[in-house]
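I have placed the structure first, in the form of structure tokens, so that the comments after it can refer back to it.
All values below were derived from every heavy atom in this structure, side-chain atoms included, with hydrogens, water molecules and symmetry-related copies excluded.
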Amino acid sequence: MDNNAFKTEIDKCAKCGKCRSICPVFLETGEESMVARGRISLAEAIRNGEIFYTERLRDYLLSCKKCFRCSSICPSNVDYDLIIQTMLNDLANHIGIWFIPRIIFRVVLTRRWLFNFFLKTASIFQRIIPLKQRGAMRHLPFALMGGRWIPPLAKKPALDKWHSSRTKTNTAKMRVGFFVGCLTNYVYPDIADAVVETLTHLGVEVIVPEEQLCCGIPANSLGDFRTARKLAEINSRVFESENLDYIVTACATCGRALRKDYSRTLNDPCQIFAKKLYDVSEFIEKYLPYTIKPLKTKITYHDPCHLYWGQNISKQPRNILKLSADFHEMDTPERCCGGGGVFNLLHYDLSMKIAEYKAKAIENSKAEAVATGCPGCRLQIEDVLATKGSKVSCTHTIQVLRDALLKNP
């Protein structure tokens with residue numbers, strides 16, 4: 001990271017406190033050290049040598065959800081993401097990365113075959129070991145840490161199914177690469193099915209490179225810049241070698257990382273990967289016209305932070321849902337669901353408190369299903385809805401469109 005840019009962004013903060021009005025973590029805790037202004041003050045103290053990198057400081061940094069809400073309201077246009085990512089990287093350099101995550105990041109995430117082995121093994125154990133009520137595991141890639149719920153791990157990862165099935169047709173309009181992402185690959189392969197089936201139906205040749213790896217967000221979240229850069233280099237090389245017209249993803253978090261973070265990670269603001277990348281809803285709205293008979297299902301929509309705030313994408317998924325089903329807007333659809341990967345793992349109770357507002361909004365909408373554009377949000381929403389015994393299902397926007405296109409007589 002550019003140390004001069006780090007200092008410049010710190011100095012831009014006027015300490016006005018507007019971020020306090022919108023930060024989901026601060027609204028629950030009221031702690032100044034858990035809002036952008038407070039963490040920037042900590043960054044300033046680090047810069048001036050007044051405090052040092054410690055485990056306590058790491059906890060304050062990891063209490064940030066990286067939802068980008070503070071950036072949307074900041075009158076000084078502070079690049080808060082640059083500040084906190086620089087601090088995470090420096091903290092990792094000074095006091096290290098926790099042992100188990102470091103092994104997972106550097107040994108497992110960078111080797112697809114090994115990642116597959118561990119997750120397929122976990123899938124088998126999840127099916128044969130009797131569990132009380134719901135499953136006993138929670139977030140990937142920390143599947144064996146904690147006692148929280150995830151849906152059953154996929155028997156067959158999405159990449160195993162689709163990487164060898166290039167959907168080439170003589171009338172294909174374009175060649176499009178599909179970046180699958182870890183959650184879609186190992187937990188929600190039904191989302192990948194919907195992406196490939198929908199794009200193929202709309203006349204696209206879909207390429208799903210087998211060599212693609214994790215987007216790098218888990219490593220970045222703990223300051224493992226070395227692994228994040230390696231993953232970015234591999235993914236960029238893999239997709240650029242396919243001579244693609246465009247690249248799509250159905251994960252808001254992966255999309256934000258590939259589109260914005262890779263330019264910084266690779267020190268290449270003009271990289272080909274980012275220029276070709278689209279969220280799947282954004283891509284369909286822009287390039288693929290279609291006619292459709294809407295489903296009768298009553299659908300509402302949750303805005304993922306990394307899509308709404310991180311990429312300024314909100315109209316496109318709504319346009320798709322309005323054509324594909326009986327769409328009803330919930331109250332404050334852009335309010336955070338409380339997920340957030342490492343944040344959820346380390347601050348689960350706080351994560352679920354934030355999710356309470358989302359659950360109430362979904363229930364009050366009287367919808368039969370809630371769609372979203374991020375498998376991480378789907379995981380969180382399914383968790384909180386299941387906790388409440390709700391009958392509302394959660395799905396992905398592309399699955400609603402696929403069903404209306406292909407399954408609605």
TODO: Spell out, as yes or no, whether a donor-acceptor pair under 3.5 Å connects the side chain of Asp79 to the backbone of Glu9.
DONE: no

Task: 4.5 Å side-chain heavy-atom contact, Ile46 and Leu57 - done: yes

Open item on the list: Any carboxylate oxygen within less than 4.0 angstrom of a Lys/Arg side-chain nitrogen, looking at Asp11 and Arg47?
Closed with: yes

Task: Flag, side chain of Lys296 to backbone of Asp326, donor-acceptor distance under 3.5 Å - done: no

- [ ] Supply the atom-to-atom distance Glu285 CD to Tyr290 OH, rounded to the nearest 0.5 angstrom.
- [x] 5.5 Å

Task: Donor + acceptor pair across side chains of Arg259, Thr249 (<3.5 Å) - done: no

Task: Side chain Asp59, main chain Glu55, donor-acceptor under 3.5 Å - done: no

- [ ] Check whether any side-chain N or O of His347 sits under 3.5 Å from a backbone N or O of Phe343 as a donor-acceptor pair, and report yes or no.
- [x] no

Open item on the list: If I compare all heavy atoms of Pro209 with all of Gln212, which pair ends up nearest, and what's the gap?
Closed with: O-NE2, 3.0 Å

Open item on the list: For Leu244 versus Phe239, what's the shortest heavy-atom pair and its separation?
Closed with: CD1-O, 3.6 Å

TODO: Establish, from distance only, whether the side-chain atoms of Gln85 and Lys66 form a donor-acceptor pair under 3.5 Å.
DONE: yes

Open item on the list: Let me confirm one number: the CG-OH distance from Leu379 to Tyr188, rounded to the nearest 0.5 Å.
Closed with: 4.5 Å

Open item on the list: Between Ser63 and Tyr60 (side chain of the first, backbone of the second, donor and acceptor by atom type, cut-off under 3.5 Å), is there such a pair?
Closed with: yes

Task: Euclidean distance, Tyr80 OH relative to Lys12 NZ, rounded to 0.5 Å - done: 15.0 Å

TODO: Could you check Arg402 against Asp190 for salt bridge (charged side-chain N to carboxylate O under 4.0 Å, His left out), going step by step and ending with a plain yes or no?
DONE: CA-CA 11 Å; Arg402 186 272 313 274; Asp190 54 336; over 6 Å; no

Open item on the list: salt bridge (charged side-chain N to carboxylate O under 4.0 Å, His left out), that's the test. Do Asp81 and Arg264 meet it? Break it down for me.
Closed with: CA-CA 11 Å; Asp81 186 47; Arg264 185 179 294 162; 3.5 Å; yes

- [ ] Determine, stepwise, if the pair Glu205 / Arg175 fulfils salt bridge (charged side-chain N to carboxylate O under 4.0 Å, His left out).
- [x] CA-CA 5 Å; Glu205 178 187 356; Arg175 286 169 53 87; 3.1 Å; yes

Task: Val204 side chain near Tyr246 side chain, heavy-atom distance below 4.5 Å - done: no

- [ ] Measure the acute angle between the ring planes of Phe179 and Phe273, then classify it against the limits of 30° and 60° as parallel, tilted or perpendicular.
- [x] perpendicular

Open item on the list: Could you check whether Tyr287 and Asp245, counting side-chain N and O atoms only, form a donor-acceptor pair closer than 3.5 Å?
Closed with: no

Open item on the list: Any heavy-atom pair between the side chains of Lys156 and Pro189 that's under 4.5 Å?
Closed with: no

Open item on the list: For Tyr53 versus Ile95, what's the shortest heavy-atom pair and its separation?
Closed with: O-CG2, 3.6 Å

Open item on the list: Counting C-beta onward and ignoring hydrogens, is there a side-chain heavy-atom pair between Val35 and Val25 closer than 4.5 Å?
Closed with: no

- [ ] For the pair Lys230 and Arg226, evaluate side-chain contact (heavy atoms from CB on, under 4.5 Å) and give the outcome as yes or no after the intermediate values.
- [x] CA-CA 6 Å; Lys230 182 176 182 179; Arg226 183 181 111 181; over 6 Å; no

TODO: Kindly compute the distance separating CG (Leu88) from CD1 (Ile97), expressed to the nearest 0.5 Å.
DONE: 10.0 Å

Open item on the list: Give me the atom names and distance for the closest heavy-atom approach of Ser324 to Leu401.
Closed with: OG-CD1, 3.6 Å

Open item on the list: On a heavy-atom basis, which atom in Leu42 and which in Met87 lie closest, and how many Å separate them?
Closed with: C-CE, 4.2 Å

Open item on the list: Can you confirm whether Ile83 sits close enough to Phe6 that some side-chain heavy atom of one is under 4.5 Å from a side-chain heavy atom of the other?
Closed with: yes

Task: Basic-acidic side-chain contact under 4.0 Å: Glu211, Arg237 - done: no

Task: Tyr262 side-chain N/O to Cys215 backbone N/O, donor-acceptor pair under 3.5 Å - done: yes

Open item on the list: Working to the nearest 0.5 angstrom, can you tell me the gap between Ile313 CD1 and Ser281 OG?
Closed with: 5.5 Å

Task: Side-chain donor or acceptor of Arg39 paired with backbone N/O of Met34 under 3.5 Å - done: yes

Open item on the list: Donor-acceptor pair, distance only, cut-off 3.5 Å: does the side chain of Thr110 make one with the backbone of Arg106?
Closed with: yes

Task: Any donor-acceptor N or O pair under 3.5 Å, side chains Trp309, Asp303 - done: no

- [ ] Show your reasoning for whether salt bridge (charged side-chain N to carboxylate O under 4.0 Å, His left out) applies to Arg318 and Glu329.
- [x] CA-CA 9 Å; Arg318 283 177 170 77; Glu329 195 79 84; 2.9 Å; yes

Task: Point-to-point distance, once rounded to the nearest 0.5 Å, from CG of Leu321 to CZ of Phe327 - done: 6.0 Å

TODO: Decide whether Asn116 and Tyr186 meet the rule of one side-chain donor and one side-chain acceptor closer than 3.5 Å.
DONE: yes

- [ ] Go through the side-chain N and O atoms of Asp403 and Gln399 and say whether any donor and acceptor fall under 3.5 Å apart.
- [x] no

- [ ] Using distance alone, with no hydrogens and no angle criterion, decide if Gln380 and Asn344 have a side-chain donor and acceptor under 3.5 Å apart.
- [x] yes

Open item on the list: Salt bridge or not between Glu356 and Lys360? Use side-chain N to carboxylate O under 4.0 Å.
Closed with: no

- [ ] Taking Glu210 for its side chain and Leu159 for its backbone only, find out whether a donor-acceptor pair lies under 3.5 Å.
- [x] no

Task: Flag, side chain of Ser33 to backbone of Gly38, donor-acceptor distance under 3.5 Å - done: no

Open item on the list: Any non-hydrogen side-chain atom of Cys394 less than 4.5 Å from a side-chain atom of His302?
Closed with: no

Open item on the list: When you compare the side chain of His328 with that of Lys366, does any pair of heavy atoms fall below 4.5 Å?
Closed with: no

Open item on the list: So for atom CD1, which belongs to Ile272, do other residues, nucleotides or ligands contribute more than 12 heavy atoms lying within a distance under 6.0 Å?
Closed with: no

Task: Nearest atoms (heavy-atom pairs only) where Cys70 meets Cys19 - done: CB-CB, 3.8 Å

Open item on the list: Suppose we screen for side chain to side chain donor-acceptor pair (under 3.5 Å). Which residues come up paired with Thr300, at least two apart in sequence or across chains?
Closed with: none

Task: Criterion side-chain contact (heavy atoms from CB on, under 4.5 Å) on Val206 and Trp162, from CA distance to verdict - done: CA-CA 9 Å; Val206 183; Trp162 290 112; over 6 Å; no

TODO: Examine Arg256 relative to Phe68 and say whether NZ or CZ is less than 6.0 Å from the centre of the six-membered ring and inside a 45° cone about the ring axis.
DONE: yes

TODO: Mind running side-chain contact (heavy atoms from CB on, under 4.5 Å) on Glu44 and Lys15 for me, showing each step along the way?
DONE: CA-CA 12 Å; Glu44 191 172 27; Lys15 306 296 191 297; 3.5 Å; yes

Open item on the list: Before you tell me yes or no, could you show the steps for Arg111 and Phe115 under side-chain contact (heavy atoms from CB on, under 4.5 Å), namely the whole-Å CA-CA distance, both residues' side-chain angles and the distance that decides it to 0.1 Å?
Closed with: CA-CA 6 Å; Arg111 295 169 174 83; Phe115 203 3; over 6 Å; no

- [ ] Compare all side-chain heavy atoms of Val370 with those of Lys358 and state whether any distance is below 4.5 angstrom.
- [x] no

- [ ] Count the heavy atoms of every other residue, nucleotide or ligand shown that sit under 6.0 Å from NZ of Lys260, and state whether that count exceeds 12.
- [x] yes

